[in-house]
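One structure is given below, encoded as structure tokens.
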Amino acid sequence: MLIVLLFTCTCSGLNAQVADLVSINEKRINTNKKAMLVLGGWGAGNLATGFLLMGQADGSTKHFHQMNAGWGAINLGLATFSYLASAKTDPASFNTFQTFEEQHKIQKILLFNAGLDLAYITGGLYLRERSNNPSGNPERLRGFGESIILQGSFLFVFDLAVFLLHRRQNQSLQVLLEGLSFHGNGLGWRMAF
């Protein structure tokens with residue numbers, strides 16, 4: 001009777017762990033989908049206003065809107081592709097290791113992107129500074145530089161915000177590891193009930 005009771009409790013604990021994994025994966029996928037809606041909205045807004053306003057502007061402002069339209073098209077394309085990929089993902093298809101791996105992977109991507117965003121801002125500042133030299137095309141350099149500063153700044157805030165949302169979800173993953181212990185040449189899992 002004791003063995004049957006222990007087996008039943010162990011199976012209940014494992015079923016709860018699987019339900020937790022599905023919930024954790026659903027949260028990660030939903031966070032990614034919402035983030036892609038924000039990025040897609042930003043991209044669509046930049047694409048539309050860029051095309052609309054570049055025809056009405058001249059000088060560096062025209063180049064600013066041209067660059068914004070280009071960034072908008074790229075951001076909208078990336079957001080659409082990523083949203084569709086997330087929508088196809090089954091949250092129940094990940095085991096424990098894959099769940100940790102996916103969580104870690106998205107956080108690394110977001111931090112890497114934040115570093116790229118800082119490089120974009122730096123590049124934009126460089127172009128804006130180069131526009132002070134009258135040789136070449138200073139209006140284009142200024143417009144492109146200011147656009148890249150704007151786009152890089154938005155993306156930096158965006159990537160950090162999404163990273164922090166995912167990092168908060170790591171707390172759910174930590175609960176799964178609480179009973180896990182490593183010994184000299186083995187692995188143990190303790191479950192309290």
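Bear in mind the structure is a predicted one, so any value in this text is a computation, not a measurement.
- Remark: Phe64 engages no residue in a ring pair (Phe, Tyr, Trp, His ring centres under 6.0 Å) (not counting sequence neighbours).
- Under the 4.5 Å side-chain heavy-atom criterion for ILVMFWY residues, a single connected hydrophobic cluster contains both Trp42 and Val162.
- The line from CG of Asp159 to CG of Asn113 is 4.5 Å long, rounded to the nearest 0.5 Å.
- Scanning both residues, Pro138 and Gly136, for their nearest heavy atoms gives CD-O, 3.5 Å.
- The shortest side-chain heavy-atom distance between Leu21 and Asn95 does not fall under the 4.5 Å cut-off.
- Side-chain contact between Phe51 and Gln66: absent, with no pair of heavy atoms (C-beta onward) separated by less than 4.5 Å.
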Derivation and outcome, side-chain contact (heavy atoms from CB on, under 4.5 Å), residues Glu139 and Asp58 | CA-CA 9 Å; Glu139 290 180 348; Asp58 57 357; over 6 Å; no
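- When every heavy atom of Ala57 is checked against every heavy atom of Thr61, the shortest pair comes out as CB-CG2, 3.8 Å.
- How far CE of Met36 is from CG of Leu84: 11.5 Å, rounded to the nearest 0.5 Å.
- Leu125 is connected to Phe156 through a chain of hydrophobic side-chain contacts under 4.5 Å among Ile, Leu, Val, Met, Phe, Trp and Tyr, so both are in one cluster.
- Side-chain N or O atoms of Thr89 include one that pairs as donor or acceptor with a backbone N or O of Ala85 at under 3.5 Å.
- Put simply, the side chain of Ser131 gets close to the backbone of Arg128: a donor and an acceptor are under 3.5 Å apart.
- Smallest separation of non-hydrogen atoms from Ala69 and Leu47: O-CD1, 3.4 Å.
- Hydrophobic clustering of Ile, Leu, Val, Met, Phe, Trp and Tyr side chains at less than 4.5 Å, counting indirect connections, unites Leu39 with Ile148.
- Proximity of Asn75 to Gln151: side-chain heavy atoms (C-beta onward) are separated by under 4.5 Å at one or more points.
- Within the cation-pi definition used here (under 6.0 Å to the ring centroid, within 45° of the axis), Arg28 qualifies as a partner of Phe94.
- Counting only distance, with no hydrogens or angles, the side chain of Asn25 and the backbone of Pro91 share a donor-acceptor pair below 3.5 Å.
- What you find for Thr49 and His65 is that their closest heavy atoms are O-ND1, 4.4 Å.
- Both Leu110 and Leu116 are members of a single hydrophobic cluster when ILVMFWY side chains are connected at heavy-atom separations under 4.5 Å.
- Put simply, CD1 on Ile149 and CD1 on Ile121 are 8.0 Å apart, with the number rounded to the nearest 0.5 Å.
- Summarising the geometry, atom CD belonging to Glu26 is positioned 9.0 Å from atom CG belonging to Asp90; distances are rounded to the nearest 0.5 Å.
- A donor-acceptor contact shorter than 3.5 Å links the side chain of Thr31 to the backbone of Lys27.
- Applying the 6.0 Å contact sphere to NZ of Lys33 captures more than 12 heavy atoms from other residues, nucleotides or ligands.
- Here the two rings, on Phe154 and Trp71, have centers that are 6.0 Å apart or farther.
- Of the possible polar contacts, one joining the Ser86 side chain to the Ser82 backbone as a donor-acceptor pair under 3.5 Å is found.
- Between the CE atom in Met67 and the CE atom in Met54 there is a gap of 11.5 Å [rounded to 0.5 Å].
- Under the 4.5 Å side-chain heavy-atom criterion for ILVMFWY residues, no single connected hydrophobic cluster contains both Ile106 and Ile29.
- To the nearest 0.5 Å, atom CZ of residue Arg167 and atom CD of residue Gln103 are 11.5 Å apart.
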His166 and Asn32: CA distance, side-chain angles, deciding distance, side chain to side chain donor-acceptor pair (under 3.5 Å) verdict = CA-CA 9 Å; His166 280 293; Asn32 288 340; 2.7 Å; yes
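- Each salt bridge (Lys or Arg N to Asp or Glu O under 4.0 Å) pair with one or both residues in residues 92-107, not counting sequence neighbours, appears once here: Glu102-Lys105.
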